[in-house]
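In the text below, chain A, chain B and the rest are named by the order of the sequence lines, each starting its count at 1.
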Number of protein chains: 2
Amino acid sequence: MTKLTIVFKALADPTRRKILELLKKKSMPAGAIAEHFKITPPSLTHHFNLLKQADLISQERQGQQIIYSLNLSVMEEMIDDYFKLFKKR
Amino acid sequence: MTKLTIVFKALADPTRRKILELLKKKSMPAGAIAEHFKITPPSLTHHFNLLKQADLISQERQGQQIIYSLNLSVMEEMIDDYFKLFKKR
DNA sequence: TTAATATTTAGATACTTACCTAAATATCTA
DNA sequence: TAGATATTTAGGTAAGTATCTAAATATTAA
């Protein structure tokens, strides 16, 4: 699977897009993210894994918590490299 | 399913992205598109349907052929409305 | 109107995915 | 070290998806 396919698959789910939007405001631990959803922690971990695979987020342990952060650069690269093809201006 | 989810799902497949890239060069009938792939016509029709559902392409019959065209505006809207959120400049 | 061409529809199958429950791991605190 | 907290891993299931073959539809040409 190409990197682009992995990224689009990651974005093709509303839960994962909402996670990205939360992380755009600020980095936060899994538990704080979980408060915004009604799915179980294992399901959220599944989504974190796909977002990590797409390199859209990073994680860092801080004590008992795992802090997730958005990797803005991957989004930007995608816009620059792929969508520019289809952009007028 | 939201419109954005439908569009990202449509883009999350290499065959469909290649169809879009072909149509970006010029509109063409299903058969001409098919020459670039090794999958069967019904499989291609399946991909056309998903791209149409995402409003990324349009079709128009011309005699025996169905001519497909790219809807650039949908791509542009998506870049403007969604990705701008994540874009620095 | 019959045959040929272009494409889609119908239906089946193997694979993938999003979700769950139960159990495991990692860290902190008493 | 034992217990509590935060998160992940393992394993299962129902629903979705990409593909195929066979049949149907639409159009053109003989």
Side-chain angles (χ1 to χ4, degrees), chain A residues 1-23 25-71, chain B residues 1-23 25-71:
Chain A
M1 225 181 356
T2 66
K3 163 136 190 165
L4 201 52
T5 297
I6 293 169
V7 171
F8 278 127
K9 272 177 189 276
L11 293 173
D13 180 279
T15 298
R16 290 194 288 270
R17 289 199 306 276
K18 189 167 168 189
I19 291 171
L20 294 176
E21 282 160 32
L22 288 169
L23 292 180
K25 293 184 199 149
K26 64 171 191 295
S27 299
M28 55 179 108
I33 296 171
E35 284 168 18
H36 295 82
F37 300 91
K38 59 184 199 327
I39 61 178
T40 61
S43 296
L44 262 188
T45 295
H46 162 74
H47 290 301
F48 292 148
N49 283 338
L50 294 182
L51 289 169
K52 271 190 293 179
Q53 215 188 312
D55 205 31
L56 288 167
I57 62 173
S58 307
Q59 71 184 160
E60 183 197 359
R61 181 175 281 278
Q62 220 168 86
Q64 284 158 293
Q65 306 184 118
I66 307 277
I67 312 292
Y68 282 100
S69 309
L70 180 64
N71 292 345
Chain B
M1 224 182 354
T2 67
K3 163 136 192 166
L4 201 51
T5 297
I6 293 170
V7 171
F8 277 129
K9 272 178 189 275
L11 292 173
D13 179 279
T15 297
R16 291 194 287 271
R17 288 199 307 275
K18 190 167 168 189
I19 291 171
L20 295 176
E21 282 160 31
L22 287 169
L23 292 179
K25 293 183 200 151
K26 63 172 192 297
S27 299
M28 54 179 110
I33 296 171
E35 285 169 18
H36 295 83
F37 299 92
K38 57 186 200 324
I39 61 179
T40 62
S43 296
L44 262 187
T45 295
H46 162 74
H47 291 301
F48 293 147
N49 284 338
L50 295 182
L51 289 169
K52 270 190 293 180
Q53 216 189 311
D55 205 29
L56 288 168
I57 62 173
S58 309
Q59 70 184 161
E60 183 197 358
R61 180 174 282 278
Q62 220 168 83
Q64 283 158 293
Q65 307 183 117
I66 307 278
I67 312 292
Y68 282 100
S69 309
L70 180 64
N71 293 343

Novice: Please write out the pairs of protein N or O atoms and N or O atoms of nucleotides 23-27 of chain D separated by less than 3.5 Å, giving the distance to one decimal.
Specialist:
| residue | atom | partner | partner atom | Å |
| --- | --- | --- | --- | --- |
| dT27(D) | O2 | Q64(B) | NE2 | 3.4 |

Novice: Tell me whether the side-chain N/O atoms of T40(B) come closer than 4.0 Å to OP1 or OP2 in dC20(D).
Specialist: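 For dC20(D), OP1 or OP2 has a side-chain N or O of T40(B) closer than 4.0 Å.
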Novice: Quick one: F8(A) CZ to dT16(C) P, roughly how many Å, whole number?
Specialist: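 Rounding to the nearest Å, CZ of F8(A) and P of dT16(C) are 21 Å apart.
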Novice: List for me each residue that meets side chain to side chain contact (heavy atoms under 4.5 Å, CB included) alongside I66(A), sequence neighbours excluded, and say none if there are none.
Specialist: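 Only Q59(A), R61(A), Y68(A) meet the side chain to side chain contact (heavy atoms under 4.5 Å, CB included) criterion with I66(A).
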Novice: Within this structure, what is the CG-CG distance for the pair L51(B) and N71(B), rounded to the nearest 0.5 Å?
Specialist: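 If I round to the nearest 0.5 Å, the distance is 10.0 Å.
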Novice: Which whole-number value in Å describes the distance from F48(B) CZ to dA6(C) P?
Specialist: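 So the CZ-P distance, F48(B) to dA6(C), works out to 14 Å.
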Novice: What is the distance, to the nearest angstrom, from the CZ atom on F37(A) to the C1' atom on dC20(C)?
Specialist: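 Atom CZ in F37(A) sits about 17 Å away from atom C1' in dC20(C).
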Novice: Is it true that a side-chain atom of K3(B) and a backbone atom of D55(B) form a donor plus acceptor pair closer than 3.5 Å?
Specialist: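 Looks like no, no N/O pair under 3.5 Å.
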Novice: Return the value, rounded to whole Å, for the distance between atom CD of Q53(A) and atom C1' of dT8(D).
Specialist: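 So the two atoms are 16 Å apart, to the nearest Å.
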Novice: How many Å lie between CD1 on I33(A) and C1' on dA6(D), as a whole number?
Specialist: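 Going from I33(A) (CD1) to dA6(D) (C1'), I get 13 Å.
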Novice: Return the value, rounded to whole Å, for the distance between atom CG of L44(A) and atom C1' of dC19(C).
Specialist: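 It works out to 11 Å between those atoms.
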Novice: For the side chain of H46(A) and the backbone of P42(A), is there at least one donor-acceptor N/O pair under 3.5 Å apart?
Specialist: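 No: the side chain of H46(A) does not pair with the backbone of P42(A).
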Novice: If I take atom CG from residue L56(B) and atom OG from residue S69(B), how far apart are they, to the nearest 0.5 angstrom?
Specialist: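 Atom-to-atom, L56(B):CG and S69(B):OG are 13.0 Å apart.
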Novice: Could you write out each protein N or O paired with an N or O of nucleotides 15-18 of chain D at a distance under 3.5 Å?
Specialist:
| residue | atom | partner | partner atom | Å |
| --- | --- | --- | --- | --- |
| dT17(D) | OP1 | K9(B) | NZ | 3.4 |
| dA18(D) | OP1 | R16(B) | NH2 | 3.3 |
| dA18(D) | OP2 | R16(B) | NH1 | 3.3 |
| dA18(D) | OP2 | H46(B) | NE2 | 3.0 |

Novice: Please enumerate all residues that pass side chain to side chain contact (heavy atoms under 4.5 Å, CB included) together with Q53(B), with sequence neighbours excluded.
Specialist: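 Here the qualifying residues are I6(B), L50(B).
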Novice: Starting from C1' on dT8(C), measure out to CD on Q65(B) and report it in whole angstrom.
Specialist: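 The distance from CD of Q65(B) to C1' of dT8(C) comes to 15 Å, rounded to the nearest Å.
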Novice: Tell me whether the side-chain N/O atoms of Y68(A) come closer than 4.0 Å to OP1 or OP2 in dA6(D).
Specialist: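 Answer no for this pair, as no side-chain N or O of Y68(A) is under 4.0 Å from OP1 or OP2.
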Novice: Rounded at 0.5 Å granularity, tell me how far NZ in K26(B) sits from CE in M28(B).
Specialist: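 Output value for this atom pair is 4.5 Å.
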Novice: How close or far is atom P of dA6(D) from atom CD1 of I67(A), stated in whole angstroms?
Specialist: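 Spelled out: CD1 on I67(A) to P on dA6(D) is 12 Å.
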Novice: Among all residues two or more places apart in sequence or in another chain, which pass the side chain to side chain donor-acceptor pair (under 3.5 Å) test with T45(B)?
Specialist: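 Side chain to side chain donor-acceptor pair (under 3.5 Å) check on T45(B) returns nothing, list empty.
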Novice: Could you pull out all residues at least two apart from P14(A) that satisfy side chain to side chain contact (heavy atoms under 4.5 Å, CB included)?
Specialist: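 Residues passing side chain to side chain contact (heavy atoms under 4.5 Å, CB included) with P14(A): R17(A), T5(B).
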